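Input: a single structure, listed below in structure tokens.
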Amino acid sequence: MDYLKGLNARQREAVLHTEGPLLILAGAGSGKTRVLTHRIAYLIEEKGVFPGNILAITFTNKAANEMKERVANLLGGDIDNIWMGTFHSIGVRILRRDIDKIGYEKNFSIYDRDDQITLMKECIKEKDVNKDIYKEKSILATISSLKDAMISPDTYINKNYNDFYRRNIGELYALYQKKLKQNNALDFDDLIVKTLELLRVDPMVLDYYQKKFKYIFIDEFQDTNKSQYELIRLLSNKHRNLCVVGDDDQSIYKFRGADITNILNFEKDFSDTKIIKLEQNYRSTKNILNVANHVIKNNSERKDKSLWTDNEDGDLVVVESLPDSQDEAYFVANMAEKLMDEGYKPSDFAILYRTNAQSRSFEEVFMKKGIPYKIVGGLRFYDRREIKDILAYLKLIQNPNDDISLKRIINVPRRGIGNVTMEKVEEYASSVGESIYTVLQDLEGIPNLSTRAINNLKEFVEIINNLMDIKDQMSIKDFIGEVLDITGYIRELEKENSIESRTRLENIKEFVSVAIDFEVRNPEGTLEDFLANVSLLSDIDKTEDLENSATMLTVHSAKGLEFPVVFLVGMEEGLFPISRALEDESELEEERRLCYVAITRAQELLFITYAKIRTIYGNVNYSLPSRFIEEIPENLITTIEESSGLSKDNNRQLINVIDYTKRSDSFAPQFPNNNENIKVGTKVSHKKWGVGTVVQVKGREGDKEIIIAFDESVGLKRLLLSIAPIEIMKGD
DNA sequence: GCCCTCTTGTTCGAT
DNA sequence: ACAAGAGGGC
């Protein structure tokens, strides 16, 4: 088979350059996945490279699976031996084999964000520092960036010895690491850092992997952080066949340590680097690409490149201003319906927003209109309480040292084991330096426990021991069934028999089917593998592959994806770019890159919307259109009104119907409030809040804001006169 | 030990 | 606007 077929000259060059360091600067939509898959296929088929000698690191597990599939299709052979996955999953794989060499046990747990917070709370309590000053989340953020930069607690403490606050942070960092180890647990950052440590500490292990990985690929290289970069430098050091693919314009993860200098300095670190630029875009129309180019060129920190396309001009990009976020949602939904009449499918649509919280209004309207949709991230399945509970049981059974998981479920369902009892147990456990589970094996040894507490604890210990005994005798799915049964978790929910408990039971069923699915895909997989798999899924991975539904997701999650029709919503100053970035040039450039990523997801049609009023935290905010909109030349954009009237060149008749913001439920009130009759003292009645008196009227850019005092149970409310659902009381 | 009410933070993005 | 956590009363 010819692996060069259908590739352009640059792409071929990238496929053929197999030896030595290679940096592929791949613009958005320039066919980099194609290059990567063909290059891997070429190596195996033409160069006779054994699949087990290839390591490919992708950004999500989904991307890894897709790449695997595509390579398998090209080759028609067995490629299971290729190591393909995210940095974190590769780390787990290496650590499961040899982590005992750096003092952990091989059955380590992986702690997610919530587990980290729980653990940090314990550290703060134990260290007895002011918890109003030392916030778990911000400390964890600091620790995470320190780990990314490979700075140890000791180094940090020594460097900041005279800074009281920082020294405390450093000591909390040290304590946090100590506790992780006691729990035999690693957090996400540890999966990289400990892998690095293992390779540095043990020359045999390093040698093994350096020899094994003759060819290494890294996708989305612009979003690797320092420790990840160090890891691949180490792994590739022997064969030096390292191929990295990235686009500095799409670097959007600085907040979690992504270091753009990795890509900018690659050629310095690897002196004989071959650089190939892929600049032909195969994804978007000329108009869309033009818009993207005009936005990104305002950034100063970037490698010079010019992305071009042979595709059609396509329609102009539509920029639409809406009164508020609900109108925005209706606009998108109405336009989607219109486009469906023209032959588009729901799955062709993506709604991209800056923050997850924005999804709600779109979800509501799509639900109302019956347009199928799915949400990436947001209300996360794996974050639900019942799922976390079951996972905690499984984690504890797999790793008895995992105190965090134990404490989560020791009294779930209720077993009469309360705080007082647990405090005694924990105190004893830490005094003898054992895990909670271990000390529970000999309840008589724990001081001051009441007989009742002992009996309750005994019951719990028996449940867990029982489950540990049967763990290896059955499939994962059956074992989860036993856990749900023996612990009484299901019985408790069934007994409750509320709407909520029924939803929970549904979710649990869903979780069991996840396990079944895992077993089908990984016949050899252990409970350990299953848990690691679940922990390391990205939001994209976790999103159900619902047939033919629109996708709602953040711009961050949209990285690497493409859609025929993109709605880029909430394009307002303070939201996108986000308020925090307004005064910082480098953060602003990151926002601009994010905007560039959003625009370049679109293949055929792009709609950009912004709302004049946006409610955040329940507060009304008046906003201006995003500066990124201002950066687009007028001749590249249009509005619905324009495009439906006198049509410009290349501009399709987008609509026949005029009002795209019409709300189908006509909640939008027809109250004649635009009159001058409302003034301070006027009595009005509101649908929901009842009768109130206007206490203030303020002018606001053509509209008026009124403040009304309602009954004391409601209090003061701020409303916009033009849209307030109020009526003036007669006889006033 | 349990339940109810009040307070608090959330929302920048995520493996 | 809303959920989760804290705190107080029983």
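Every value quoted in this text rests on a predicted model; they were computed, and no experiment measured them. Lettering of chains follows the sequences in order, A, B, ..., and the numbering in each one begins at 1.
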Salt-bridge contact [X]-[Y] (side-chain N to carboxylate O under 4.0 Å):
| X | Y | result |
| --- | --- | --- |
| A:Lys612 | A:Glu572 | no |
| A:Lys147 | A:Asp187 | yes |
| A:Arg302 | A:Asp249 | yes |

Please report, rounded to the nearest Å, how far the [atom2] atom of [N] is from the [atom1] atom of [X].
| X | N | atom1 | atom2 | value |
| --- | --- | --- | --- | --- |
| A:His556 | B:dG13 | NE2 | C1' | 4 Å |
| A:Ile616 | B:dC12 | CD1 | C1' | 11 Å |
| A:Phe255 | B:dT15 | CZ | C1' | 10 Å |
| A:Leu140 | B:dA14 | CG | C1' | 14 Å |
| A:Lys254 | B:dG13 | NZ | C1' | 13 Å |
| A:Asp115 | B:dT15 | CG | C1' | 14 Å |
| A:Asp148 | B:dT15 | CG | P | 14 Å |
| A:Arg592 | B:dC12 | CZ | C1' | 17 Å |

With the six-membered base ring of B:dA14 as reference, does the ring of A:Tyr253 sit under 5.5 Å away with planes under 30° apart? no

Should [X] be listed as having a side-chain N or O under 4.0 Å from OP1 or OP2 of [N]?
| X | N | answer |
| --- | --- | --- |
| A:Ser579 | B:dC12 | no |
| A:Asn61 | B:dT15 | no |
| A:Asn356 | B:dG13 | yes |

Can A:Glu328 and A:Ser325 be counted as having a side-chain donor-acceptor contact under 3.5 angstrom? no

Distances for protein N/O vs nucleotides 2-7 of chain C N/O pairs under 3.5 angstrom?
none

Point-to-point distance, once rounded to the nearest 0.5 Å, from OG of A:Ser623 to CD1 of A:Ile616: 7.5 Å

If we only count heavy atoms from C-beta on, is the A:Asp402 to A:Tyr111 side-chain gap below 4.5 Å?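 In contact.
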
Tell me whether A:Arg96 contacts the main-chain N or O of A:Phe108 through its side chain, where contact means a donor paired with an acceptor under 3.5 Å.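 Checking the backbone N and O of A:Phe108 against the side chain of A:Arg96, a donor-acceptor pair under 3.5 Å is found.
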
Earlier contact from the 5' end, DNA chain B, for A:Ala357 and A:Thr86: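 Going by which nucleotide is closer to the 5' end, it is A:Ala357.
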
If each of A:Ser557 and A:Lys137 is mapped to the nucleotide of DNA chain B with the nearest heavy atom, which maps nearer the 5' terminus, i.e. the 5' end?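 The residue whose closest nucleotide sits nearer the 5' end is A:Lys137.
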
Apply the test salt bridge (charged side-chain N to carboxylate O under 4.0 Å, His left out) to residues A:Glu220 and A:Lys32: give CA-CA distance (whole Å), side-chain angles for both, the deciding distance (0.1 Å), then the verdict. CA-CA 10 Å; A:Glu220 307 285 5; A:Lys32 63 165 190 188; 3.1 Å; yes

Scoring nucleotides 1-6 of chain B by protein non-hydrogen atoms under 4.0 Å (B base, S sugar-phosphate only, - none) yields SSS---

Pick base, sugar-phosphate or nothing for A:Lys135, based on heavy-atom distances below 4.0 Å to the nucleic acid. sugar-phosphate

Closest non-hydrogen contact found for A:Asp112 with A:Phe188 is CA-CE1, 4.1 Å

Set of side chain to side chain contact (heavy atoms under 4.5 Å, CB included) partners for A:Lys254, sequence neighbours left out: A:Ser586, A:Glu590

